[in-house]
Amino acid sequence: MTQFVLDCFYRPTDDLKGSRLEFALTNTSAKTAKNFTLAYTAVLRAEAGAALENADSFSRIANFHEVTPPAGLEISPGGTWKFAITGLANVARHRLDGPKSGYVSEGGKIVDVLCNDLETLEELDTGERRVIPEGKLETPLHIVPWPQQVGITAYQEGMHAFHVASGSVEEKAAAARINALSNRLFPESPYPFRFEQSHHQTDLQFDQENTLPEDGYRLRFSAEKATLTYGGNAGLGYGLTVLAQIAHGAYSDPDSFLFPAEGVIEDSPRFAWRGTHLDVSRHFRGTREVMRLLDILAWGRMNVFQWHLTDDEGWRLEIKAYPELTVSGARRGPGCQQVPQLGFASEVYEGSYTQDEIRDIVAHATSLNIDILPEIDIPGHCTAVLKTYPHLADQAETPESYHSIQGYPNNALNPAMEETYTFLEKVFCEIADLFPFGYIHIGGDEVDVKSWLASPKVQRLMDEKNLADTMEVQAYFMGRVRSILKKLGKKLAGWDEVSHGGGIDPDGVLLMAWQKQEVTRELIDQGYEVICTPGQRYYMDMAQASGWYEPGAGWAGVVTPEDSYLYEPSTGLSEGSEKLLKGVQACIWCEHLINNQLFNHMVFPRLYAVAEAGWTLPEKKDWQRFAALTPLFPEL
Ligand code: ACM
């Protein structure tokens with residue numbers, strides 16, 4: 001039961017040192033609070049050495065703050081303790097940047113604190129909210145992403161299913177799979193495929209044709225029947241998915257969407273890689289939710305799922321050689337080895353996948369033609385690992401000698417210790433067995449430029465190998481990680497910083513360009529294969545309007561659904577270099593996406609904006625059409 005409410009007001013100044021947070025903790029219980037401390041989590045962090053008013057002291061680990069009131073301070077029932085902190089580590093742009101969760105600790109007893117919206121000066125709020133226009137349909141079909149060629153010349157009403165009139169067992173099995181997919185996503189709509197003739201149905205026939213690409217298909221409609229011609233298994237699944245979408249639209253919104261009676265749809269994807277990334281470290285999503293997200297990707301004909309399984313805030317994947325990773329390494333909260341972060345402060349927050357669950361999820365993805373790219377984020381973002389297995393840190397490294405951008409102290413695996421590579425060999429060996437995909441993603445992002453400089457072991461390595469700075473040490477580390485993966489028959493994928501400090505030989509290396517839009521071109525110019533995923537367009541956690549109350553992060557600016565939709569991933573590429581652009585990816589970071597309501601508000605419809613960028617040629621895209629389709633998109 002909530003017995004305290006924390007209000008927080010943000011007063012920024014031109015410099016972070018002068019920026020100020022004013023807090024008010026109200027006691028809504030019937031008991032006077034005394035001899036207590038307040039803990040709260042907020043991505044808007046107080047700087048070490050910040051000035052306090054009406055508080056005795058504070059400490060902080062990343063987003064977790066603990067504040068001690070002045071000695072003897074009491075809060076009577078209904079009363080309020082006001083205090084202020086001046087001196088912040090970063091800026092706030094939206095209400096969710098403030099305290100998300102907290103607790104009062106009174107004699108060891110933990111009492112939940114409800115954290116109100118972060119408020120700020122009126123002039124800092126533009127009042128803008130997310131806008132998705134009603135849109136306009138030229139063609140009354142519900143299909144997303146839009147196919148390359150749509151030439152439907154006549155429609156019929158009242159139809160909402162197909163009769164699988166003939167076909168091989170593989171074709172019938174594929175139709176059954178898409179039937180099940182459609183029903184999982186939209187149980188309120190009829191199944192799109194029948195295997196026996198009934199009514200309101202068009203006959204469906206199949207035809208495999210080697211001249212079509214493996215992932216290509218053609219749909220030919222007449223009043224009596226539809227024929228699905230496909231290149232390979234992927235094309236068969238995509239053609240069936242499009243038929244299922246047409247049926248879903250015609251049933252769910254018959255005023256807007258119809259069933260084709262004559263004409264052709266001819267289609268294949270623009271890019272081979274149409275990805276979605278999900279961060280399950282900051283906030284865990286269980287097997288059922290991950291499977292549902294895979295269903296949602298399949299519905300949008302997306303074909304890669306990058307699973308961000310580890311980060312500072314928790315390790316989520318069972319590793320038999322290091323069982324504690326999914327015990328203490330997957331848990332945070334009061335009394336745990338890891339303090340609370342990013343919500344759920346007063347309770348123990350935990351979650352991980354067993355290897356059996358991973359195998360089930362991989363099988364589900366495979367059945368939907370989705371490859372899973374597992375991500376183990378190293379060498380940075382490793383607080384959960386280093387807290388769980390402290391022998392992996394250089395004990396002589398000066399504590400707090402560097403901090404990550406998220407505020408974690410000394411959070412990177414040490415490239416000068418052989419234990420590091422032993423650990424990684426064992427971890428990657430299990431991962432290579434679990435995930436059939438040819439790539440493993442090793443992170444490589446956001447290693448602080450001062451990392452390891454206070455580690456005597458790294459200092460020796462730098463002397464020995466003639467490495468000038470942290471980034472060159474990182475490149476040395478990446479080279480060794482790549483050799484480990486090579487021995488396991490896997491190729492290396494990573495974030496764009498893998499190219500820093502001299503990078504690694506680009507042969508077979510795939511990098512995700514995230515920091516800025518120009519990075520896609522820069523990496524391609526260096527010879528890397530690239531997935532375009534700029535934060536400024538394809539990060540699903542960025543707020544969708546400038547208004548203060550709009551949820552989401554703001555470091556990459558405001559990303560409206562239209563911005564995501566209209567972005568052209570090949571912007572700035574020189575002719576001929578486009579072949580290194582392998583595709584696009586939506587990234588779902590979950591610092592702010594702490595429940596499914598927030599997830600849905602942030603991810604949809606932008607996820608399918610990225611799906612359409614990956615599938616549909618630029619000249620075939622149409623924002624008004626896309627907008628008109630959004631009301632029927634599935635959600636988590
Ligand atoms: C990232 O957003 N740190 C890849």
Side-chain angles (χ1 to χ4, degrees), residues 43 45 62-63 90 93 97 273 275-283 304-316 341-342 373-385 402-408 411-413 439-449 451 470-471 474 478 481 492-501 503 509-520 522-523 528 530-543 552-559 564 567 569 582-593 602-603 606-607 610:
V43 298
R45 297 187 297 276
N63 305 299
N90 48 346
R93 298 180 183 88
D97 290 327
W273 185 297
T276 293
H277 145 292
L278 177 70
D279 160 19
V280 292
S281 175
R282 275 59 178 270
H283 281 95
V304 182
F305 175 56
Q306 179 179 333
W307 205 355
H308 186 80
L309 288 158
T310 73
D311 213 306
D312 293 300
E313 291 83 358
W315 181 287
R316 306 287 174 212
Q341 301 285 354
L342 302 166
L373 171 66
E375 179 185 355
I376 301 299
D377 199 352
I378 52 168
H381 292 276
C382 274
T383 301
V385 179
Y402 62 92
H403 291 86
S404 72
I405 185 91
Q406 289 85 10
Y408 283 94
N411 71 337
L413 292 182
Y439 287 94
I440 291 178
H441 195 294
I442 53 70
D445 58 323
E446 297 182 320
V447 170
D448 183 78
V449 290
S451 299
T470 292
M471 287 302 129
Q474 172 177 296
M478 289 299 167
V481 170
L492 184 148
W495 299 109
D496 58 56
E497 297 98 315
V498 170
S499 68
H500 293 182
V509 170
L510 181 71
L511 298 187
M512 313 269 163
W514 70 276
Q515 296 195 71
K516 284 188 291 185
Q517 292 163 54
E518 304 83 274
V519 176
T520 294
E522 290 165 11
L523 293 175
Y528 293 104
V530 176
I531 303 300
C532 174
T533 178
Q536 296 74 8
R537 292 293 180 268
Y538 290 171
Y539 269 30
M540 305 282 105
D541 59 325
M542 291 300 133
W555 67 261
V558 169
V559 182
S564 289
Y567 186 62
K582 293 296 158 190
V584 295
Q585 187 154 291
C587 285
I588 307 176
W589 295 102
C590 291
E591 285 94 334
H592 294 294
L593 278 57
M602 302 302 294
V603 171
R606 292 186 295 185
L607 182 73
V610 180

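Start at 1 and go down the list; that is how both ligands and their atoms are numbered. The figures here come from the full heavy-atom set of this structure, side chains too, leaving out hydrogens, waters and symmetry mates.
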Within 4.0 Å of some non-hydrogen atom of Glu446, the atoms of ligand 1 are 3 (N)
Under 4.0 Å from one or more heavy atoms of Trp589, ligand 1 contributes atoms 1 (C), 2 (O), 4 (C)
closest protein heavy atom to atom 3 (N) of ligand 1 is Asp445 OD2, 2.7 Å
* Are Trp555 and Trp514 close enough that their ring centres sit under 6.0 Å apart? -> yes
Review point. Does the side chain of Ser281 come under 3.5 Å of the side chain of Asp311 through a donor N or O and an acceptor N or O?
Key: no
Just by distance, no angles: are the side chains of Gln406 and Glu446 close enough, under 3.5 Å, to form a donor-acceptor pair?
yes
Looking only at distances, can you tell me whether any N or O atom of Trp495, backbone or side chain, sits closer than 3.5 Å to an N or O atom of ligand 1?
no
inquiry  = Counting only nitrogen or oxygen atoms and a 3.5 angstrom limit, does Tyr539 reach ligand 1?
reply    = yes
- Judged by atom type as modelled, is there a donor-acceptor pair below 3.5 Å linking the side chain of Asp541 to the main-chain atoms of Gly552? no
Contacts of Gln306 meeting side chain to side chain donor-acceptor pair (under 3.5 Å) (sequence neighbours excluded), chain-then-number -> Glu375, His441, Gln585
